[in-house]
Colleague: 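One structure is given below, represented as structure tokens, and several questions about it will come after.
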Amino acid sequence: MNVLRKINRVLLVLVVLMLCLLLHSTVLRKSTRPKISDHPKGLASAARVPAVREPEPYNVVPVVICASEERIGATMAVINSVYSNTDASLFFYIVTLRDAVRLTRQYIVKTKLKGIKYKILEFNPMVLKGKVKPDSSRPELLHPLNFVRFYLSMLDIKHNRVIYLDDDVIVQGDIRDLFDMKLKAGHAAAFSTDCDLPSTHEMVASIGMQTTYMGFLDYRKVEVRDLGIDPRECSFNPGVFVADVTEWKKQKITKQLEKWMEENVRHNIYSSAMAGGVATPPMLIVFHDKYTTLDPLWHVRHMGWSPDSHYSENVLQGARLLHWNGPFKPWQYPAVHLDLWERWFIPDPSRKFSLVRPKSHH
């Protein structure tokens, strides 16, 4: 019996030791495992990672750009130029209509862009119902995607700050420099003012471009005069901007823009026959005296207003971003500085998008 008791004691000691070891290893694992709070995106976002390519929350430059079916090659040229000129981690929010979702995805996965991080967002044009007045002078300006910039706060964007780019630009600088600019307190966006680059003034004057509010709003209308904005004030171009999405939501910018769209439907206070089309005037009203100014080299523009007006080599080399705003686009012909755009063009694998070039052009 003594022997049996001794064996039982030994077994009991062994069991206690094993329990102690198990308890110790469990505590050790818990102390070295990251806490939920260590993951800034939390469990909900983490659960979605296998399904969609979500952006990292920090140290990423998010870019919002639209992709219409008829201009898909232009969008891919923009993305290629951004991607090729930076070492920064990028995330592209590519906004399109339902009929172009598949085309957009195929263009990316079947070309050199397959390595980019992106998310395709489908824009519902029904949000524009009753807010856009039919206008025949430049019908392309009435494309639903032209108004995506108004709805930044309603898009499925996971970042507090984004860069918005039109599809007729090319980026030559490091996009990180643009993203890192400081926005003034209380400002939801930064734009490039139309009085900011002396080297463009001669060209702008030669093609009759407007650079003041008078060129965009109809000052014969009482609704415009009641704004109290001097018609000689410098306008700005909303084709390239840095946006603070949190501030945008806080100030209800989208609601304010919609208000002026509806006002135009009722009273025709601007039209595409005027200098800036229909997307610029509401932005000019809502952001009047409430925006930070971009470095002018980050928005060298008016390149699409004439097929004959060229920039000097010095301006082109110093420019961080080139914008062919206007009717003469670089994927069509005629247009200026085609070589600067074509170096970033990636042929469409589906062959739906093709460049318009004269036979003698190589």
Side-chain angles (χ1 to χ4, degrees), residues 64-71 75 93-101 104 120-157 162 164-168 188-189 191 210 213-229 231 235-239 241 243 245-288 290-291 325 327:
V64 178
I65 187 167
C66 295
S68 67
E69 187 172 10
E70 56 274 22
R71 291 162 60 138
T75 298
Y93 291 101
I94 305 171
V95 189
T96 190
L97 302 180
R98 181 170 293 176
D99 59 4
V101 170
T104 303
I120 297 174
L121 304 176
E122 186 184 319
F123 183 66
N124 182 1
M126 288 306 293
V127 299
L128 300 173
K129 191 174 181 182
K131 301 180 184 74
V132 179
K133 193 180 182 73
D135 197 317
S136 59
S137 56
R138 282 189 66 191
E140 75 274 13
L141 296 176
L142 300 178
H143 194 289
L145 294 179
N146 207 25
F147 301 94
V148 163
R149 72 197 84 200
F150 291 9
Y151 293 93
L152 285 184
S153 60
M154 293 172 64
L155 299 176
D156 187 18
I157 290 175
V162 298
Y164 174 90
L165 299 176
D166 270 352
D167 65 1
D168 53 357
F191 302 97
Q210 295 294 330
Y213 272 68
M214 187 181 282
F216 297 86
L217 301 173
D218 188 349
Y219 274 82
R220 294 171 300 181
K221 302 293 171 67
V222 66
E223 293 81 12
V224 173
R225 293 198 303 273
D226 283 350
L227 288 166
I229 300 172
S235 49
F236 61 81
N237 186 294
F241 61 91
V245 182
T246 305
E247 194 67 34
W248 192 291
K249 290 176 180 176
K250 182 181 169 185
Q251 296 184 29
K252 297 182 171 57
I253 297 291
T254 296
K255 283 287 180 194
Q256 292 186 57
L257 291 165
E258 286 186 323
K259 173 196 164 186
W260 287 105
M261 291 168 78
E262 290 163 355
E263 192 77 3
N264 185 57
V265 170
R266 287 192 296 270
H267 302 293
N268 198 31
I269 61 174
Y270 57 82
S271 77
S272 64
M274 301 184 85
V278 291
T280 301
M283 301 278 276
L284 290 178
I285 295 170
V286 171
F287 285 100
H288 177 251
K290 294 178 187 171
Y291 69 92
N325 57 312

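Values below: all heavy atoms of this structure, side chains included; hydrogens, waters and symmetry mates excluded.
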Colleague: So, do Leu97 and Pro125 sit near enough that their side-chain heavy atoms are less than 4.5 Å apart?
Modeller: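 Side-chain contact under 4.5 Å: yes.
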Colleague: Taking side chain as C-beta onward, heavy atoms only, is Cys66 less than 4.5 Å from Asp167?
Modeller: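 No, too far: nothing below the 4.5 Å cut-off.
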Colleague: Does the side chain of Asn264 reach to within under 4.5 Å of the side chain of Lys221, using non-hydrogen atoms?
Modeller: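 Counting from C-beta outward, Asn264 and Lys221 never come under 4.5 Å.
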Colleague: Can a donor-acceptor pair be found, under 3.5 Å and without considering hydrogens, that links the side chain of Asp218 to the backbone of Arg220?
Modeller: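 Checked: pair present.
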Colleague: Between Glu70 and His143, is any pair of side-chain heavy atoms under 4.5 Å apart?
Modeller: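 The answer is yes, as the side chains (C-beta and beyond) meet within the 4.5 Å cut-off.
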Colleague: Got a second to check how far Trp260's CH2 is from Ile285's CD1, nearest 0.5 Å?
Modeller: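 If we round to the nearest 0.5 Å, Trp260:CH2 and Ile285:CD1 are 5.0 Å apart.
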Colleague: Can you say whether the rings of Tyr291 and Phe236 are parallel (under 30°), tilted (30 to 60°) or perpendicular (over 60°)?
Modeller: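 Tyr291 and Phe236: tilted rings.
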Colleague: Under 4.5 Å between any side-chain heavy atoms of Asn268 and Lys133, yes or no?
Modeller: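 A side-chain contact exists here, since the closest heavy-atom pair is under 4.5 Å.
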Colleague: Give, for atom NZ of Lys252 and atom NZ of Lys259, the distance between the pair rounded to the nearest 0.5 Å.
Modeller: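 Separation between the atoms: 14.5 Å.
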Colleague: Please enumerate all residues that pass ring-ring contact (aromatic ring centres under 6.0 Å, His included) together with Tyr164, with sequence neighbours excluded.
Modeller: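 Residues passing ring-ring contact (aromatic ring centres under 6.0 Å, His included) with Tyr164: Phe241.
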Colleague: Would you say Gln256's side chain and Gln251's backbone share a donor-acceptor pair under 3.5 angstrom?
Modeller: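 At least one qualifying donor-acceptor pair exists.
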Colleague: Check whether any side-chain N or O of Lys131 sits under 3.5 Å from a backbone N or O of Val127 as a donor-acceptor pair, and report yes or no.
Modeller: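 At least one qualifying donor-acceptor pair exists.
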Colleague: Under 3.5 Å, is there a donor on one side chain and an acceptor on the other for Glu263 and Tyr270?
Modeller: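 No donor-acceptor contact under 3.5 Å links the two side chains.
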Colleague: Rounded to the nearest 0.5 Å, how far does OH of Tyr93 lie from CG of Asp156?
Modeller: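 Result: 7.5 Å between the selected atoms.
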Colleague: Identify the heavy atoms of Val278 and Pro282 that sit nearest to each other, and give their distance.
Modeller: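 Closest approach of Val278 to Pro282: O-CD, 3.5 Å.
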Colleague: Report yes if some heavy atom in the side chain of Asn325 is under 4.5 Å from a heavy atom in the side chain of Asp166; otherwise report no.
Modeller: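 A side-chain contact is absent here, since even the closest heavy-atom pair is not under 4.5 Å.
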Colleague: Taking the side chain as everything from C-beta on, heavy atoms only, tell me whether Leu128 gets closer than 4.5 Å to Tyr151.
Modeller: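 Yes, their side chains come closer than 4.5 Å.
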Colleague: Report the distance from atom CZ of Phe191 to atom CE of Met283, rounding to the nearest 0.5 Å.
Modeller: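 Reported value, rounded in 0.5 Å steps: 4.0 Å.
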Colleague: To the nearest 0.5 Å, what is the distance between CG on Asp168 and CG on Leu165?
Modeller: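 CG of Leu165 is found 10.0 Å from CG of Asp168.
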Colleague: Is any side-chain heavy atom of Val148 less than 4.5 Å from a side-chain heavy atom of Leu155?
Modeller: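 Heavy-atom side-chain distance check passes, below 4.5 Å.
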Colleague: Is it the case that atom CZ in Arg266 sees more than 12 heavy atoms from other parts of the structure closer than 6.0 Å?
Modeller: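 Yes - once you tally the heavy atoms of other residues, nucleotides and ligands closer than 6.0 Å, there are more than 12.
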Colleague: If you round to the nearest 0.5 Å, how far is CG of Asp99 from CD of Glu69?
Modeller: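 Spacing of CD (Glu69) from CG (Asp99) equals 5.0 Å.
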